[in-house]
K.L.:
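I'd like to ask some things about the structure below.
Indexing begins at 1, ligand by ligand and atom by atom, following the structure's order. All residue numbers in this chain count up from 1 along the given sequence.
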Amino acid sequence: MYSEEKKSKSYGSIFVYCFFCFVLIVEVARFAKPYINVQNLIETEAVVEEGFMAVGNSGNLPCGLSKPSSASVRAHDQQKLSQAVTSDTRSRPPNSYCVKFQSFATMAKQLKENGGKYESRPFSVGGYNWTFLIYPVIYIPTDSGAYVSVYVRIDNSTLITNPKDVYAEITFLAYKSSLDKYQINQETEAQRFHLFKQQWGLLQFLPIYYFENSGYGYSFDGDSVVFGVDINIVKPFENWEVFSNEQNIRDPIFEWRLTKYSTRFLDSYTSDPFSSGGRSWSLKVYPNGVGNATGNSLSLYLLSDQSTDKGYLEAKLQITDQIQSNHFVKKVAAWPNATENGWGFDRFMSFSDLRNASKGYLVNDTLKFQVQILSFSKTDYYSHKSSVALPISNGDST
Ligand SMILES: *[C@@H]1O[C@H](CO)[C@@H](O)[C@H](O)[C@H]1NC(C)=O
Ligand SMILES: *[C@@H]1O[C@H](CO)[C@@H](O)[C@H](O)[C@H]1NC(C)=O
Ligand SMILES: *[C@@H]1O[C@H](CO)[C@@H](O)[C@H](O)[C@H]1NC(C)=O
Ligand SMILES: *[C@@H]1O[C@H](CO)[C@@H](O)[C@H](O)[C@H]1NC(C)=O
Ligand SMILES: *[C@@H]1O[C@H](CO)[C@@H](O)[C@H](O)[C@H]1NC(C)=O
Ligand SMILES: *[C@@H]1O[C@H](CO)[C@@H](O)[C@H](O)[C@H]1NC(C)=O
């Protein structure tokens, strides 16, 4: 008996609970409907306020909420977002400028009589003055709803005296107090501003009801809202380099004689510098070999007098056959592969070939080398502070 009584009591409370849920859902549905015009907007606002008062006064709300930021409003919010706006949130505040409206509704009403546009004071970014423009109520005829539109305008006084393209990445933000984050709406491409295009923005930044209804999380402390903007000036490069290949080499051939070969006791001998293709070079020979070639082969290299030169080179290295013109040639086509030795070969020529008298390489104790430079890469570095490009170094030595 006792338990039955309790049951009927709990049926009663379930009924009451359901009734409140129903009331809440109806109110939310009315309240979240997009506005058709300003007249409607104000009326709806009034109704909404009354509606929530009524619910608030009628006693306990489910989930202990005293504000209309219930779960069902959130769900609606997210649905709308995923359909209409591709956007994101972030914690970092706007990096260029912020405008807070103490009361969104009051501002919207006041601006209606003043062309509908709020204009911030100028602020400086990247050497230019900018203005942040906010249109709180813009009707989109094709989209039965009203939006907040946001723009930035570049001050044209600098552009008039110095016509120039200014590229800037623009991000618009609205503070979402429910998350303590900023809703961001971003165009990935940098925008080009110039004398004939001084303004850019988003016509459909966010639906107006996001800011009129605290349930969407944007208004706080009554109906304060915050809009912000990032302006990141994208400057074009001022320094660059050009990598190219020099092919029609001036004075490509150099010859060098190493006399008294049998009495050469130093590790290596280097020729006098010679000029080829406008650069200075030299040949270096290790009569007794270097590295793995020590004791079995002669090592031969071409050096650039610029120790920093790490370019690609094509050259023919030769030991001249002084009897039959049956020269011994190896071609280098490589980046420098022996750090201190430039381009060349450890095992250029084996001693058995070198000393074979019938081959004509070593005659009268003299070796004759020849190098023919076919091409080399070069890198020119440029810098411009004005619009005139000047090479600051082209890799030539004097
Ligand atoms: C930006 O505005 C300030 C104040 O209006 C002015 O003094 C300054 O010269 C302006 N700067 C540029 C680059 O236009
Ligand atoms: C410069 O900007 C002002 C304010 O936006 C505008 O009234 C004026 O027409 C602009 N001048 C030029 C040459 O674009
Ligand atoms: C010598 O030869 C060994 C094995 O062939 C090789 O690993 C090494 O890099 C060579 N050293 C030089 C200086 O070329
Ligand atoms: C340098 O590169 C050439 C190929 O161009 C190669 O034959 C030679 O063995 C390399 N020399 C060294 C010391 O690695
Ligand atoms: C010297 O070279 C010739 C051909 O140029 C060859 O026939 C001969 O065997 C070589 N001699 C030695 C000792 O390698
Ligand atoms: C080698 O030396 C002799 C005498 O010194 C000379 O007659 C001859 O021409 C020289 N040979 C070469 C290839 O220079």
K.L.:
In terms of atom number and element, which parts of ligand 1 are under 4.0 angstrom from non-hydrogen atoms of S157?
P.N.:
14 (O)
K.L.:
Check each atom of ligand 1 against the heavy atoms of G127 and keep those under 4.0 Å away; list them by number with element.
P.N.:
13 (C)
K.L.:
Do me a favour and list the nearest non-hydrogen protein atom to atom 8 (C) of ligand 1 with residue, atom name and distance?
P.N.:
N129 ND2, 3.7 Å
K.L.:
Do K260 and D365 sit within salt-bridge range, that is, some charged N less than 4.0 Å from a carboxylate O?
P.N.:
no
K.L.:
May I ask you to identify the nearest protein heavy atom to atom 6 (C) of ligand 5, giving residue, atom name and distance to one decimal place in Å?
P.N.:
N356 ND2, 4.1 Å
K.L.:
Angle class for the F328/F348 ring planes (parallel below 30°, perpendicular above 60°, tilted otherwise)?
P.N.:
perpendicular
K.L.:
Name the one of T270, L283, D346 that satisfies side-chain contact (heavy atoms from CB on, under 4.5 Å) with Y301?
P.N.:
D346
K.L.:
Closer than 4.0 Å to some heavy atom of K359 - which atoms of ligand 5 meet that?
P.N.:
2 (O), 5 (O)
K.L.:
Would you indicate which of K197, R153, Q199 comes nearest to atom 5 (O) of ligand 2 when only heavy atoms are counted?
P.N.:
R153
K.L.:
Could you tell me whether D88 and R90 have a side-chain N and a carboxylate O separated by less than 4.0 Å?
P.N.:
no
K.L.:
Heavy-atom distance to atom 12 (C) of ligand 2: which of T131, L195, N156 wins?
P.N.:
N156
K.L.:
For residues F376 and W281, establish whether the separation of their ring centroids is below 6.0 Å.
P.N.:
yes
K.L.:
Counting the benzene-type ring for Trp, do F132 and F227 have ring centres under 6.0 Å apart?
P.N.:
no
K.L.:
Has ligand 5 got any nitrogen or oxygen that is less than 3.5 angstrom from a nitrogen or oxygen of S352?
P.N.:
no
K.L.:
Are any non-hydrogen protein atoms located under 4.0 Å from atom 14 (O) of ligand 5?
P.N.:
yes
K.L.:
Number the atoms of ligand 2 from 1 as they appear, then name those within less than 4.0 Å of a heavy atom of Q198, with their elements.
P.N.:
1 (C), 2 (O), 12 (C), 14 (O)
K.L.:
Decide, yes or no, whether a salt bridge links R279 with D305 under the criterion of side-chain N to carboxylate O below 4.0 Å.
P.N.:
no
